[in-house]
Amino acid sequence: MSQTTPSRSRTTANDPAQNSRGQAMLNQSTLEDRQSIADLMTGWIHRDLAEWDKLRELFHPDGTIEISWFEGLAVDFVDGSMRMGKSDMRTKHVVSAPVVTFNGNKALVETNAVVVAENVRLDLGCSTHARFYDQVEKRNGAWKIAKRQGIYDFSYFNFPQGEVEIDRELVKKYPREYASLAYLLEKSGFPVKRIFATKGSGLEKTMKADGHAWLAA
């Protein structure tokens, strides 16, 4: 009786290579998604450059934003930013690389940002260290921001031409983590109307709990 050695099927033999290619494609897709999201974060430069149409493109049509001086639809935020651009208030944003947590076509994104602002009439400025906390979604093949919220870490005044008089009672109206920014905004006609999340605050914890619930849904 002759014996034959069972041969491995072609499909089985190719499994390691197929798995490797599949993993490579998955890794490439993840890298592309991460880069697309990073581009959304650094795309905030469009606000500083008054490139309003490009700024709108960072958000989904129903996207919202909640930061110091504005709460509402992102499209309305752009209109408000245009008004601010014509005021005595000037701003510059320095944005770092984001931390991204994925779940399918959704992601939570946290990004360090420094807001440098100045009221040219008052000759008074400030630097505020903050974080963007974003809910980002991939719709129709494109990652865009669905919801942006701000968290504030600390802030201080800048005096471009030497010290100027400050209403210290007004400064005390706000949490110190963003008091100088809020002061400058109010003096420029863009008041901060409520308390916002600061580092380690209950508002930050609630925001992040809600964010993770959204991601998991």
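The residues of the chain are indexed from 1 along the displayed sequence. Quick caveat, the model's predicted, so the values are computed rather than measured.
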For the residue pair Trp44 and Phe77, is the inter-centroid distance of their aromatic rings smaller than 6.0 Å? yes
Can you list, pair by pair, the side-chain donor-acceptor contacts under 3.5 Å of residues 57-64, counting residues two or more places apart and other chains?
unit_1 : atom_1 : unit_2 : atom_2 : d
Glu57  : OE1    : Lys144 : NZ     : 3.0
His60  : NE2    : Glu137 : O      : 2.9
His60  : NE2    : Lys144 : O      : 3.4
Asp62  : OD1    : Arg139 : NH1    : 3.0

Are Phe132 and Val75 connected, step by step, through hydrophobic side chains (Ile, Leu, Val, Met, Phe, Trp, Tyr) whose heavy atoms are closer than 4.5 Å? no
Would a distance-only check, ignoring hydrogens and angles, find a side-chain to backbone donor-acceptor pair under 3.5 Å from Tyr178 to Ala130? no
Report, one line per pair, each donor and acceptor closer than 3.5 Å where one atom sits in a side chain of residues 31-41; sequence neighbours left out.
unit_1 : atom_1 : unit_2 : atom_2 : d
Glu32  : OE2    : Gln28  : NE2    : 3.2
Asp33  : OD1    : Lys138 : NZ     : 3.4
Asp33  : OD1    : Trp143 : NE1    : 2.9
Gln35  : NE2    : Asp39  : OD1    : 2.9
Ser36  : OG     : Glu32  : O      : 3.0

Given side chains that start at C-beta, do those of Glu66 and Lys147 come closer than 4.5 Å, heavy atoms only? yes
Give, for atom NE2 of His212 and atom CD of Gln135, the distance between the pair rounded to the nearest 0.5 Å. 10.5 Å
Here the gap from Asp53 atom CG to Glu51 atom CD, rounded to the nearest 0.5 Å, amounts to 9.5 Å
Are more than 12 heavy atoms from other residues, nucleotides or ligands located less than 6.0 Å from atom CD1 of Ile45? no
Hey, can you tell me if His129 and Tyr156 have their rings parallel, tilted or perpendicular (30° and 60° cut-offs)? tilted
Go through Leu203 and Phe196 one step at a time and tell me if the side-chain contact (heavy atoms from CB on, under 4.5 Å) criterion holds. CA-CA 7 Å; Leu203 285 175; Phe196 282 84; 5.8 Å; no
Nearest-0.5 Å distance, CG of residue Leu184 to CZ of residue Phe157: 7.0 Å
Please enumerate all residues that pass side-chain hydrogen bond (donor to acceptor under 3.5 Å, both in side chains) together with Ser155, with sequence neighbours excluded. Thr128, Ser180
Val192 vs Lys173 side-chain heavy atoms within contact, under 4.5 Å: no
Do Lys187 and Leu170 have side chains that get closer than 4.5 Å, going by heavy atoms? yes
For the pair Ile67 and Tyr152, evaluate side-chain contact (heavy atoms from CB on, under 4.5 Å) and give the outcome as yes or no after the intermediate values. CA-CA 10 Å; Ile67 58 171; Tyr152 298 90; 3.7 Å; yes
Which atom of Met207 lies closest to which atom of Ala197, heavy atoms considered: CE-CB, 3.7 Å
Nearest heavy atoms of Gly200 and Glu204, plus distance in Å: N-OE1, 2.6 Å
Sequence neighbours excluded - salt bridge (Lys or Arg N to Asp or Glu O under 4.0 Å) pairs with any residue from residues 109-128: Asp88-Arg121, Glu110-Arg131, Glu110-Lys208
Between Tyr133 and Val136, is there shared hydrophobic-cluster membership here, with clusters defined by ILVMFWY side-chain heavy atoms closer than 4.5 Å? no
Transitive ILVMFWY side-chain link Val120 to Leu185, under 4.5 Å: no
Say you draw a straight line from CE of Met84 to CZ of Arg90; how long is it, rounded to the nearest 0.5 Å? 11.0 Å
Do Val116 and Phe154 land in one hydrophobic cluster if side-chain heavy atoms of ILVMFWY residues count as linked below 4.5 Å? no
Taking distance alone, no hydrogens or angles, what donor-acceptor pairs closer than 3.5 Å link side-chain atoms of residues 96-109 to residues at least two apart or in another chain?
unit_1 : atom_1 : unit_2 : atom_2 : d
Ser96  : OG     : Asn112 : N      : 3.4
Ser96  : OG     : Asn112 : O      : 3.4
Asn103 : ND2    : Leu215 : O      : 2.7
Lys106 : NZ     : Trp214 : O      : 2.4
Lys106 : NZ     : Ala217 : O      : 3.0

Salt bridge or not for Glu71 and Lys193, using N-O below 4.0 Å? no
About how many Å separate NE2 of His93 and OG1 of Thr111, when rounded to the nearest 0.5 Å? 12.5 Å
Examine Val78 and Val95 and state if one hydrophobic cluster contains both, with Ile, Leu, Val, Met, Phe, Trp and Tyr joined whenever side-chain heavy atoms are less than 4.5 Å apart. yes
For Asp79, salt bridge (Lys or Arg N to Asp or Glu O under 4.0 Å) partners two or more places apart: Arg56
Atom CD1 in Ile65, atom CG in Asp76: separation rounded to 0.5 Å? 11.0 Å
Counting only heavy atoms from other residues, nucleotides and ligands, does the tally under 6.0 Å from CZ of Arg168 exceed 12? no
I'd like to know if the side chain of Tyr183 and the backbone of Cys126 have a donor-acceptor N/O pair within less than 3.5 Å. no
Under the side-chain hydrogen bond (donor to acceptor under 3.5 Å, both in side chains) criterion, do Thr198 and Arg176 qualify, and how do the steps go? CA-CA 9 Å; Thr198 56; Arg176 66 180 299 118; over 6 Å; no
Test side-chain contact (heavy atoms from CB on, under 4.5 Å) applied to Phe159 and Ile166, step by step: CA-CA 11 Å; Phe159 302 92; Ile166 293 172; 3.8 Å; yes
Give a yes or no on whether the backbone of Phe190 and the side-chain of Ser188 come within a donor-acceptor separation of less than 3.5 Å. no
